[in-house]
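Worksheet: the structure to be examined is printed underneath.
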Amino acid sequence: MPELPEVETVRAGLARHVLGRRVDGIAVRGTRVTRRHDGGEADLVGRLRGRTFTAAVRRGKFCWLLLDEPGEAVLFHLGMSGQLLVRPEGHDEPTAPHLRVRLELDDGTALDFVDQRTFGYLAVPDLVPTADGGPGGLGSDVPALPAPVAHIARDLLDPVVDRRALAAALRRRRTEVKRALLDQTLVSGIGNIYADEALWRARLHGARPADALRPVEAARVLDGAAAVLADALAAGGTSFDALYVDIDGRSGWFERELAAYGREDLPCPRCGTPIRREAFANRSSYSCPHCQPRPRRSGRTAG
DNA sequence: CCCGGATCCTGCTGGC
DNA sequence: TGCCAGCAGGATCCGG
């Protein structure tokens, strides 16, 4: 569910609410939420209890809190439906549906990890040195990444990203441009919503072969992606329903500004042509048939 | 090495 | 009304 703007909204909320707080208690429900932590629940709890959060960091859709134990961090991935919610002191809802982990903090508040579809997880992984000089994501710049993030590329809100080099890398991919945008090892943070919005802004169909894009087209789609991510972040992210809310329970407003995603049969904001929906990798793609003509035949990639 | 598809879950919606 | 197929914002793993 959450893509970069939503995760960054959560990261900023963590920075406001939990930095300097100490973890006094940890309650884990079920085994699935800790499945990615080597050593399982007991080891995770042992590493977390008594630690204080010192920084909130993000790269792409991954978010982590550095701990006062050097070289340690707690990593969150929200998957399709994960939420982090700060509960005020006295809040008592331990049986809330889909609550997976509750961290009790030293000021009486609680940090809840809630996740309906359970694709998200929490872990305390090793931090590994980075080849490219730090996480770059907003919030911090330590020269290490959690091991599960080591292969994740920088994202388009990262000032260090060289967009020209990225465009060149995009044009080397032998796949469709939408698939390349969703590849977190090429550029991170883009999911199904913002891929469709970036392609709409760039007037490109997602089935265009990435290696047949002209340089100006590759630049356009990356510029479009960076712009839509920034616009969505400014609006607090996209919230179709209560499944995505900010750390204090508030919704983002970017849904009103979506041009293509989820708008089947509604008019393209640019030309009025009804938006079409097409099947894509067990999901859907939305695009304007007029502004984003489907490629006539496959270009270099399939040919 | 690189790419595409299957897979892990729960819950809601719409068609029959 | 009830049931079930289809669909949902993602990453990983595995086979070709």
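The sequence lines fix the lettering, A, B, ..., with proteins before strands; numbering per chain opens at 1. What you see is a predicted model, and the numbers here were worked out from it, not measured in a lab.
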Next on the checklist: Taking the P atom in each of B:dG5 and C:dC7, what is the distance between them to the nearest angstrom?
Outcome noted: 16 Å

Quiz item: Would you find more than 12 non-hydrogen atoms of other residues, nucleotides or ligands less than 6.0 Å from A:Asp38 atom CG?
Solution: no

When rounded to whole Å, the CZ to C1' distance for the pair A:Phe119 and C:dA8 reads 10 Å

DNA chain C in dot-bracket form (Watson-Crick or G-U pairs under 3.5 Å, [ ] crossing, | inter-strand) is .|||||||.|||||||

Rounded to whole Å, the CE-P distance (A:Met80 to C:dA8) equals 8 Å

* Spell out, yes or no, whether A:Trp200 and A:Ile193 are grouped together once hydrophobic residues are joined by side-chain heavy atoms under 4.5 Å, including indirect joins. => no

To the nearest angstrom, the CZ-C1' distance between A:Phe280 and B:dG4 comes to 10 Å

For A:Arg174 and B:dC1, is the shortest distance between a side-chain N/O and OP1 or OP2 below 4.0 Å? no

Residues 161-168 of chain A side chain polar contacts: donor-acceptor under 3.5 Å, at least two apart:
| from | atom 1 | to | atom 2 | distance (Å) |
| --- | --- | --- | --- | --- |
| A:Asp162 | OD1 | A:Arg164 | N | 3.0 |
| A:Asp162 | OD1 | A:Ala165 | N | 3.2 |
| A:Arg163 | NH1 | A:Asp223 | OD1 | 2.8 |

In whole angstroms, the gap separating C1' of C:dA8 from CD of A:Glu255 amounts to 13 Å

Handout entry: A:Arg173/A:Asp183 ion pair, N-O < 4.0 Å
Key = yes

Sorted by chain and number, sequence neighbours left out, salt bridge (Lys or Arg N to Asp or Glu O under 4.0 Å) with A:Arg270 holds for none

Scoring nucleotides 11-16 of chain C by protein non-hydrogen atoms under 4.0 Å (B base, S sugar-phosphate only, - none) yields SSS---

Original post:
Just by distance, with hydrogens left out, do A:Ser188 and A:Lys61 show a side-chain donor and acceptor under 3.5 Å apart?
Top reply: no

Minimal heavy-atom distance between A:Arg16 and A:Ile247, with the atoms involved, is NH2-CG2, 4.4 Å

With A:Asp112 as partner, the option from A:Arg100, A:Arg87, A:His98 fulfilling side chain to side chain donor-acceptor pair (under 3.5 Å) is A:Arg87

Within less than 4.0 Å of OP1 or OP2 of B:dG4, is there a side-chain N or O belonging to A:Thr175?
yes

Atom CZ of A:Arg32 and atom C1' of B:dT7 are separated, to the nearest Å, by 10 Å

Rounded to whole Å, the OH-P distance (A:Tyr194 to C:dA8) equals 16 Å

Separation of C:dG9 atom P from A:Trp253 atom CH2, nearest Å, is 21 Å

With B for base contact, S for sugar-phosphate-only contact and - for none (protein heavy atoms under 4.0 Å), nucleotides 10-16 of chain B reads BS-----

- Item | Cationic N near anionic O, under 4.0 Å, A:Arg276 to A:Glu264 | no

**Asked** Should A:Leu103 and A:Val101 be marked as a side-chain contact (heavy atoms from CB on, under 4.5 Å) after you check the CA-CA gap, both sets of side-chain angles, and the distance that decides it?
**Response** CA-CA 7 Å; A:Leu103 304 182; A:Val101 178; 3.9 Å; yes

Sequence neighbours excluded, the answer for side-chain contact (heavy atoms from CB on, under 4.5 Å) partners of A:Asp231 is A:Arg201, A:Phe254

In whole angstroms, the gap separating P of B:dT7 from CG of A:Asn282 amounts to 10 Å

### Message
Test side-chain contact (heavy atoms from CB on, under 4.5 Å) on A:Trp64 and A:Val149; report intermediate values, then the result.
### Response
CA-CA 10 Å; A:Trp64 60 100; A:Val149 188; 4.1 Å; yes

Measuring only the P atom in each nucleotide, how far is C:dG9 from B:dT13? A whole number of Å is fine.
16 Å

